[in-house]
Amino acid sequence: MLGLIRRGGDVVLHMLANVQQATIRPIIQASVAAGALIHTDEYDIYARDEDGDGFCEVHVNTIEGLWSLLRSWLRPHRGISQGKLPLYLAFFQVVHNARRRGKALLGTLVGAIVT
């Protein structure tokens, strides 16, 4: 899974066959504005040591929090097949990005289904 999130902004979630640079680069380029500052973990396909001290000055607190929320949300849905997981991710993404709960969420969900 690849997750991108802007602090205080929307999340983008993708199920991927692999996490190689050739696979994730098009998603990042389509989702992130050119010139944006990106904070990531130290996975070497996208983390850099900007000041040359051998340590990547990065953090992933926002997306780590999102993964925690996703795991908690998926826990009651035990036994999700790998094939259906992208649908659950898409639903979670829409709900998270809507920032609405209860009856206020209904219009967003209907709009996501209709479009």
Side-chain angles (χ1 to χ4, degrees):
M1 270 190 261
L2 173 69
L4 306 168
I5 189 168
R6 187 178 75 220
R7 275 195 193 179
D10 290 347
V11 66
V12 175
L13 301 173
H14 286 277
M15 283 288 297
L16 303 173
N18 62 61
V19 289
Q20 296 180 4
Q21 195 172 55
T23 306
I24 68 170
R25 182 182 299 270
I27 296 168
I28 292 170
Q29 289 174 327
S31 303
V32 178
L37 178 62
I38 298 174
H39 298 275
T40 181
D41 60 18
E42 294 186 39
Y43 191 36
D44 64 359
I45 64 172
Y46 48 70
R48 292 184 304 223
D49 176 15
E50 296 293 337
D51 60 6
D53 68 354
F55 180 75
C56 296
E57 294 83 6
V58 295
H59 66 83
V60 293
N61 293 348
T62 306
I63 196 71
E64 288 298 331
L66 182 96
W67 292 135
S68 179
L69 286 173
L70 177 62
R71 280 191 299 274
S72 295
W73 182 76
L74 288 174
R75 193 167 288 119
H77 306 282
R78 298 170 62 122
I80 297 171
S81 72
Q82 189 91 7
K84 291 200 165 93
L85 185 55
L87 297 173
Y88 282 84
L89 291 178
F91 181 81
F92 181 83
Q93 179 177 309
V94 167
V95 170
H96 180 274
N97 292 344
R99 290 175 183 71
R100 293 186 178 100
R101 300 294 180 257
K103 292 179 183 178
L105 181 60
L106 184 59
T108 300
L109 293 175
V110 170
I113 293 170
V114 173
T115 58

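We're numbering straight along the sequence, starting at 1.
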Can you tell me how far [atom2] of [Y] sits from [atom1] of [X], rounded to the nearest 0.5 angstrom?
| X | Y | atom1 | atom2 | value |
| --- | --- | --- | --- | --- |
| Leu74 | Leu85 | CG | CG | 6.5 Å |
| His77 | Phe91 | NE2 | CZ | 8.0 Å |
| Trp73 | Ser68 | CH2 | OG | 14.5 Å |
| Gln93 | His14 | CD | NE2 | 7.0 Å |
| Asn97 | Arg6 | CG | CZ | 9.5 Å |

Sub-4.5 Å side-chain heavy-atom contact between Val94 and Thr108: yes
What I'd like to find out is whether the side chain of Ile63 reaches to under 4.5 Å of the side chain of Leu66, using heavy atoms alone. yes
With clusters defined by side-chain heavy atoms of hydrophobic residues (ILVMFWY) lying less than 4.5 Å apart, directly or transitively, does [Y] cluster with [X]?
| X | Y | answer |
| --- | --- | --- |
| Leu16 | Val32 | yes |
| Val12 | Leu87 | no |
| Val95 | Ile80 | yes |

Counting only heavy atoms not in Gln29, do more than 12 fall under 6.0 Å of its CD? yes
Checking side-chain contact (heavy atoms from CB on, under 4.5 Å) for the pair Ile27/Leu4: CA distance, chi angles, key distance, verdict? CA-CA 9 Å; Ile27 296 168; Leu4 306 168; 4.2 Å; yes
Starting from the C-alpha separation in whole Å, work towards a yes-or-no answer on side-chain contact (heavy atoms from CB on, under 4.5 Å) for Phe92 and Leu69. CA-CA 10 Å; Phe92 181 83; Leu69 286 173; 4.1 Å; yes
Test side-chain contact (heavy atoms from CB on, under 4.5 Å) applied to Ile5 and His96, step by step: CA-CA 11 Å; Ile5 189 168; His96 180 274; 3.9 Å; yes
Closest heavy-atom contact between Leu13 and Leu89? CD1-O, 3.9 Å
Apply side-chain contact (heavy atoms from CB on, under 4.5 Å) to the pair Gln20 and Ile24, showing each step before the final yes or no. CA-CA 6 Å; Gln20 296 180 4; Ile24 68 170; over 6 Å; no
